[in-house]
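Let me begin by presenting the structure, written as structure tokens, before commenting on it.
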Amino acid sequence: MIVVTGATGTVGSKVVVGLRERGREVRALVRAGSVGPAEWDTAVERVAADFADPASLDTALDGADTVYLLVAVHPEMAEHEKNVIDAAVRTGRRPRIVLHAAAGIEYRPESVRFVGAHVTGLAHLEASGLPWTVLGPNGFYQNFLGTAPTVKAGRLAVPGGAGAVSYVDARDVAAAAVEVLATEGHEGAVYTLTGPAALTHGEVAAQLAAAAGHPVAYTALAPEAALDGMLGTGWDPWRAEGMVELYGLYAAGRASAVSSDVEKLTGRPPRSFAEFATEHADAFRA
Ligand SMILES: NC(=O)c1ccc[n+]([C@@H]2O[C@H](COP(=O)([O-])OP(=O)(O)OC[C@H]3O[C@@H](n4cnc5c(N)ncnc54)[C@H](OP(=O)(O)O)[C@@H]3O)[C@@H](O)[C@H]2O)c1
């Protein structure tokens with residue numbers, strides 16, 4: 001039985017659906033009071049648990065053979081990964097852990113707090129003695145849906161400098177995860193999940209403009225201005241500072257490597273950003 005954590009989120013919800021399509025027995029870890037998305041079939045077992053509550057994790061992982069470990073971006077995210085790993089050890093069944101981390105984890109870029117948390121989680125996983133596989137996706141195309149209000153007004157304003165990023169569609173990340181979870185032979189592998197090309201934010205803006213049918217100009221924000229903007233719209237400071245760190249990595253061109261791992265795992269090329277932008281044109285159109 002495969003336990004999926006982060007199961008109601010962008011990637012996890014699609015992982016649950018993909019595993020059910022492969023006929024796998026799935027238990028979805030949801031938070032108390034959540035029943036999960038309507039797209040899940042009735043055979044998906046739902047169990048209420050919280051990453052901060054080890055006893056609830058013991059219940060959620062009881063009987064697991066494989067665990068998809070995806071935690072949300074949160075100041076305690078490293079602790080949350082440790083809690084799930086420790087609960088997996090306590091099952092006594094040595095379940096295989098598929099850790100959903102972030103691209104570049106193998107280079108240990110601890111200057112970005114989100115990636116640093118996954119580095120800590122992976123170190124704990126390595127020390128646990130459990131069999132593991134790491135998925136390292138780059139930034140998701142879906143993040144640009146959050147910029148839709150300004151894109152509608154003709155502007156993409158992020159602190160991405162001139163660096164290119166091999167963004168990836170979250171649906172391709174989920175498809176790659178399903179393949180790893182449903183098949184054997186991935187122990188010790190670190191898969192880097194990217195789209196088919198690295199795009200500068202100027203190129204991203206041009207593709208959003210083509211899809212939306214109106215001009216979209218890229219403004220490379222200074223990190224301080226970006227931080228002020230996020231704080232001014234009510235972002236949690238820990239998360240806003242982390243986003244500025246991440247864009248610093250992007251601006252330096254350190255997230256531009258293109259990997260073939262999505263195609264190797266799923267058997268088909270990853271979606272292009274242009275496809276994503278066209279599919280979501282209504283969200284970006286003025
Ligand atoms: N976004 C990117 O571009 C990107 C790129 C690379 C890697 N990543 C990594 O991807 C992960 C985020 O994936 P995502 O975007 O699919 O996540 P997401 O959509 O934010 O969903 C987070 C999931 O975690 C659950 N959750 C949150 N707090 C919880 C808690 N205390 N106990 C139990 N469950 C909890 C949420 O449940 P509720 O529905 O109840 O809130 C939800 O199912 C992060 O680890 C991030 O570092 C993201």
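Order of appearance sets the numbers: ligands from 1, and atoms from 1 within every ligand. Please read all numbers here as calculations on a predicted model, not as lab measurements.
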Can you tell which part of M77 has a heavy atom less than 4.0 Å from ligand 1: side chain, backbone, both or neither? side chain
Are any of the N or O atoms of F114 closer than 3.5 Å to those of ligand 1? no
Atom pair CG (D65) and OG1 (T91), whose distance is rounded to the nearest 0.5 Å: 9.0 Å
Do any nitrogen or oxygen atoms of V71 come within less than 3.5 Å of a nitrogen or oxygen of ligand 1? yes
Can any side-chain N or O of Y68 pair as donor or acceptor with the backbone N or O of G6 at less than 3.5 Å? no
Could you identify the single nearest non-hydrogen protein atom to atom 9 (C) of ligand 1 and state the distance to 0.1 Å? H100 NE2, 3.5 Å
Could you check atom 25 (C) of ligand 1 against the protein and tell me its nearest heavy-atom contact, residue, atom and distance included? G6 CA, 4.1 Å
Contact region, H118 to ligand 1, non-hydrogen atoms below 4.0 Å, reads side chain
Matching residue for W132 among H186, R96, E126 - test: side chain to side chain contact (heavy atoms under 4.5 Å, CB included): E126
Around atom 20 (O) of ligand 1, find the nearest protein heavy atom and jot down its residue, atom name and distance. A72 CB, 4.6 Å
If we set the cut-off at 4.0 Å for heavy atoms, which region of T10 has an atom near ligand 1: side chain, backbone, both, or neither? both
Residue and atom name of the nearest protein heavy atom (relative to atom 3 (O) of ligand 1), distance in Å to one decimal: N143 ND2, 2.7 Å
Ignoring hydrogens and geometry, is there a side-chain-to-backbone donor-acceptor pair from D172 to P270 under 3.5 Å? no
With a cutoff of 4.0 Å, is G136 in contact with ligand 1, counting heavy atoms of the residue only? no
Nearest to atom 43 (O) of ligand 1, what protein heavy atom do you find, and at what distance? T8 OG1, 2.6 Å
Sub-3.5 Å donor-acceptor pair from the side chain of R27 to the main-chain atoms of A60, do we have one? yes
Specify whether the nearest protein heavy atom to atom 16 (O) of ligand 1 is under 4.0 angstrom away. yes
Side chains of H80 and D50: any donor to acceptor distance under 3.5 Å? no
List the closest protein heavy-atom neighbour of atom 5 (C) of ligand 1: residue, atom name, distance to the nearest 0.1 Å. N138 O, 3.4 Å
Once you restrict to heavy atoms under 4.0 Å, what part of V30 touches ligand 1? Side chain, backbone, both or neither. neither
For the ring pair (Phe, Tyr, Trp, His ring centres under 6.0 Å) test, which of F144, Y141, F140 pairs with Y167? F144
Which bit of A7 is near ligand 1, meaning a heavy atom under 4.0 Å away: side chain, backbone, both or neither? backbone
Within reach of ligand 1, part of A170 (heavy-atom separation under 4.0 Å): neither
L70 to ligand 1: N or O pair under 3.5 Å? no
Report the C-alpha separation of E179 and R22 in whole Å, then their side-chain angles, then the decisive distance to 0.1 Å, and conclude whether the side chain to side chain contact (heavy atoms under 4.5 Å, CB included) test is met. CA-CA 9 Å; E179 187 60 31; R22 306 268 288 248; 2.9 Å; yes
Are any of the N/O atoms in V11 less than 3.5 Å from those in ligand 1? yes
Pair R113 + E245, salt bridge at N-O below 4.0 Å: yes
Atoms of ligand 1 close to G139 [distance to a heavy atom under 4.0 angstrom, numbered from 1]: 3 (O), 5 (C)
Using the benzene-type ring in the case of Trp, are the ring centres of F276 and H280 under 6.0 Å apart? yes
Nearest non-hydrogen protein atom, atom 31 (N) of ligand 1: D50 OD1, 3.0 Å
Nearest option to atom 46 (C) of ligand 1, as decided by whichever heavy atom of V15, V73, V4 sits closest: V73
Do the side chains of E279 and R171 get close enough for a salt bridge, i.e. N-O under 4.0 angstrom? yes
For atom 35 (C) of ligand 1, what's the nearest protein heavy-atom neighbour? Residue, atom name and distance, please. F51 CE1, 3.3 Å
Are K14 and E21 within salt-bridge range, i.e. N to O under 4.0 Å? no
